[in-house]
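All remarks here apply to the structure that follows.
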Amino acid sequence: MIHDIDGSVRTLCLDLDTSRTARRAVVDADAARLGQLLTGAGLAFVEDRSPSGGRHLYIPLQEPITAADARRLVEALQLHAPSLDPNPHQNVTDGCIRVPGSPHKLGGHQMLITPLTEAYSILRRRNPATAFAALRQALAPELHRLEQDKRQQQRAAIAALQSSDTLDRSTSSSTPSRAGTRSVLRSVATTGVYDTNIYPSDSEARMAVLNHFAGCGWTVDQVRTGMTDHLAGLAALYGTKAARLLPVEWAKAHARIAAKTPAKRAWSRGAPIYNTSPTQLTPPRPTTDSTPSAATIHQLVNDLEVITYAILDPHFDRQGRIGISLKLLMRAVLGFMRTNETNILDVGCRSFAVALGKDHVTVARLLATLERESRGIITRIDRGRGRNADTYAIDLPTDLEQHARVLPWRKGKIYGIRPVFRALGDVAALAYEGIERARHSPTTIELSRTTGISRNTLSDNLAIMENLGMIRRHHGAWQIITTTNLRQLAERLGATADYGAQISRYRKERAAWHAWLDRHLIPQLQEHDLHDPDVDEYWLPPADDDLGHHLALWNANRTAA
């Protein structure tokens, strides 16, 4: 039994089960990954192997922990090792595990991998509380992710109970948790775990993953490189046959996707990854004497950045809670301007939504407010129709030009929302930007003054980012920890999966909208459809010299009648 009578836990038991996966290699890889994590935290553990290929890791503790803490830690470790079964620690009354030497139902016994003398020493000395605290610190992103998922599920449950519909209907219509929106095929590629009811063998699972990557515009070199890093699950599905089978299967996947999409996509190397479809200019375009050069656009964006920080941000602070979203939307507009090298933007609400991590309906409301509150910087010049989005012209008003020349620039790059802040929120994004682009390391009071966020709210978000290893406090001032990889942190927080799910959802919605337009949109009529010059469709008025003759004939007919 894992739990004591009072529900406390003195030994964490990690059960890596082959029944959760179709590959024993995945279990071995997960065991090695967990071993590195535990060793890095200073924890000693005992390991054994079952005849079925499963693994058990035992982590003895000097001080017992509660069952709730043990459950959270095991669920966090499961995000590192998909083959980890958390059920033993999720059942306080009946949670148990097969110890070394126990007979197995398939025959044989549980075999100890750790040398007997070393295992005896580990179980006697056990791990101190400091090492256990180091493990909690290492799992801070995963613990934060689980906490956010739990809160989201609670909000969805409360909304379902408050709904006037039946419980079943309201539960099905409630907002799904972030865990439910993760891409299944990307999970297969990263973990190697797949449903055998859907894919009978490794071959079908591999082809499904390759079809997915081919449809997303990947290349075979990107897949091959990823198999040595974050696509370890796909490498496990190939085993030792990757060098021979990958080129052949990739050619099949590429040919299948090409057959489904005859028109080849135009993938721009410099385009941001949040563009879910190639942007097309919205006709009619405003006529100008000359098109601004790329250098002129970058100069304009630099000036607008200065105006944004110095004038617009304080103005947005007076708008209340919506002001934070307006700040980030303005930064996204400038990011699109710099990327597309134009001051005429026809970017759709869904592209802005992906860049900001918000819903497109919210973005539509924010765009209208931003146009009204931008002091003439943003002006809508054309309304979107059909496949085209609203068109906005971005320019620097004359009354703000002098401010842009006098105020100094800020170092660094401007962002909308980086994927990691999808999980941490808008306040954390502005706080991180305030530290990153400040001229010197700011204090909490200085950050509150520059960001316009209350000190209490700011302190809570700074503490979360400090716990995640993104920032640190040195002599009362905040500094960026440059060694922290924000992309990897976003993956651990589940923000990358949420990011990909939103892009996939919008692609499907856009495809459905385009299909509806193809079925219902009235075709544009050409001039020759309205008038054929060879057909006399109406009478011309008589000439002036014939007018008297026609009047006389009309009078004669009237008299005769």
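Bear in mind that the values here come from a model prediction, so they are computed numbers and not experimental data.
Gln502 and Arg422 form a side-chain donor-acceptor contact under 3.5 Å, judged by distance and modelled atom types alone. No hydrogens or angles considered: a donor-acceptor pair under 3.5 Å links the side chains of Thr444 and Trp478. For the residue pair Arg418 / Tyr432, no side-chain donor-acceptor distance below 3.5 Å is found, with atom types taken as modelled. Residues Ser8 and Asp6 have side chains that bring a donor and an acceptor to within less than 3.5 angstrom of each other. No side-chain N or O of Thr496 forms a donor-acceptor pair with one of Asp498 less than 3.5 Å apart. Checked by atom type, the side-chain pair Asn456/Ser459 shows no donor-acceptor distance below 3.5 Å.
Panel note: side chain Thr391, backbone Asp346; no donor-acceptor pair is recorded below 3.5 Å. Listed for the Thr362 side chain is no donor-acceptor partner under 3.5 Å among the backbone atoms of Lys358. Here the side chain of Thr39 pairs no donor or acceptor atom with the backbone of Gln36 at under 3.5 angstrom. Side chain of His144 to backbone of Ile464: no donor-acceptor contact under 3.5 angstrom is found. Within the 3.5 Å criterion, the main-chain N or O of Ile378 finds a donor-acceptor partner in the side chain of Ser374. In this structure a side-chain-to-backbone donor-acceptor pair under 3.5 Å is present from Thr369 to Arg365. A donor-acceptor pair is defined here as one N or O able to donate and one able to accept, closer than 3.5 Å; such a pair exists between the side chain of Asp359 and the backbone of Val361. No donor-acceptor distance shorter than 3.5 angstrom exists from the side chain of Glu75 to the backbone of Pro86, with no hydrogens or angles considered. Side-chain atoms of Asn485 come within 3.5 Å of backbone atoms of Gln488 as a donor-acceptor pair (strictly under, hydrogens ignored). Judged purely by atom type and a 3.5 angstrom limit, Gln137 uses its side chain to pair as donor or acceptor with the backbone of Asn467.
Using a cutoff of 4.0 Å between basic side-chain nitrogens and carboxylate oxygens, Lys327 and Asp313 are not scored as salt-bridged. Note on Arg126 versus Glu63: no salt bridge recorded, every NZ/NE/NH1/NH2 to OD/OE distance being 4.0 Å or above. In summary, Glu373 and Arg318 do not engage in a salt bridge, as defined by a charged side-chain N under 4.0 Å from a carboxylate O. The residues Arg472 and Glu466 are annotated as not salt-bridged, no charged nitrogen and carboxylate oxygen being separated by less than 4.0 angstrom. Looking at Glu491 and Arg487, a side-chain N of the basic residue comes within less than 4.0 Å of a carboxylate O on the acidic one, giving a salt bridge.
Across all their heavy atoms, Gly476 and Thr443 have their closest contact at O-CG2, 3.5 Å. In plain terms, the two heavy atoms of Ile377 and Pro397 that are nearest each other are CG1-CD, 3.7 Å. Nearest heavy-atom pair, Ala431 versus Leu447, reported as atom, atom and distance to 0.1 Å: O-CD2, 4.0 Å. Considering every non-hydrogen atom in both Ala76 and Leu143, the closest pair reads CB-CD2, 3.8 Å. The shortest heavy-atom contact between Leu458 and Ser448 is CD2-N, 3.4 Å. Between Leu37 and Leu139, the closest heavy-atom pair is CD2-CD2, 3.8 Å.
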(message) One pair to check against side chain to side chain contact (heavy atoms under 4.5 Å, CB included): His89 and Ile2. What are the steps and the verdict?
(response) CA-CA 7 Å; His89 278 285; Ile2 291 178; 3.3 Å; yes
(request) Start with the C-alpha gap between Asp303 and Gln299, add the side-chain angles, then the distance that decides, and say whether side chain to side chain donor-acceptor pair (under 3.5 Å) holds. (result) CA-CA 6 Å; Asp303 293 340; Gln299 176 68 35; 3.3 Å; yes
(request) With side chain to side chain contact (heavy atoms under 4.5 Å, CB included) as the test, would you mind laying out the steps for Ile122 and Phe45 before giving the verdict? (result) CA-CA 7 Å; Ile122 292 173; Phe45 59 93; 5.9 Å; no
(request) Could you check Arg350 against Arg510 for side chain to side chain contact (heavy atoms under 4.5 Å, CB included), going step by step and ending with a plain yes or no? (result) CA-CA 9 Å; Arg350 284 173 171 79; Arg510 185 177 286 107; 3.9 Å; yes
(request) List the steps and the verdict of side chain to side chain contact (heavy atoms under 4.5 Å, CB included) for Leu312 and Met330. (result) CA-CA 9 Å; Leu312 291 186; Met330 186 64 196; 4.1 Å; yes
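Proximity of Tyr58 to Leu12: side-chain heavy atoms (C-beta onward) are nowhere separated by under 4.5 Å. At a threshold of 4.5 Å between non-hydrogen side-chain atoms, the residues Arg437 and Tyr309 count as touching. Between Pro442 and Thr450 the shortest side-chain heavy-atom distance does not fall below 4.5 Å. Looking at heavy atoms from C-beta onward, Phe132 lies out of side-chain contact with Asn127 at the 4.5 angstrom threshold. Side-chain contact between Ile445 and Arg455 is present, with at least one heavy-atom pair separated by less than 4.5 Å. Contact check for Leu367 versus Asp390: no side-chain heavy atoms found under the 4.5 Å cut-off. Side-chain contact between Leu334 and Arg331 is absent, with no heavy-atom pair separated by less than 4.5 Å. Two residues are said to be in side-chain contact when any heavy atoms from C-beta on lie closer than 4.5 Å; Asn302 and Arg338 meet this criterion.
By the side-chain contact (heavy atoms from CB on, under 4.5 Å) test, Ile324 is found to be paired with Asp426, Val427, Leu430, residues two or more places apart in sequence or in another chain being considered. A search for side chain to side chain donor-acceptor pair (under 3.5 Å) contacts involving His80 returns Glu142, not counting sequence neighbours. Under the rule for a side-chain contact (heavy atoms from CB on, under 4.5 Å), Pro314 has no partner lying at least two apart in sequence or in another chain.
Annotation: the span from Ile480 atom CD1 to Glu433 atom CD amounts to 10.5 Å, rounded to 0.5 Å.
Across Asp30, Asp28, Asp17, Asp85, a single residue satisfies salt bridge (charged side-chain N to carboxylate O under 4.0 Å, His left out) together with Arg55, and that is Asp28.
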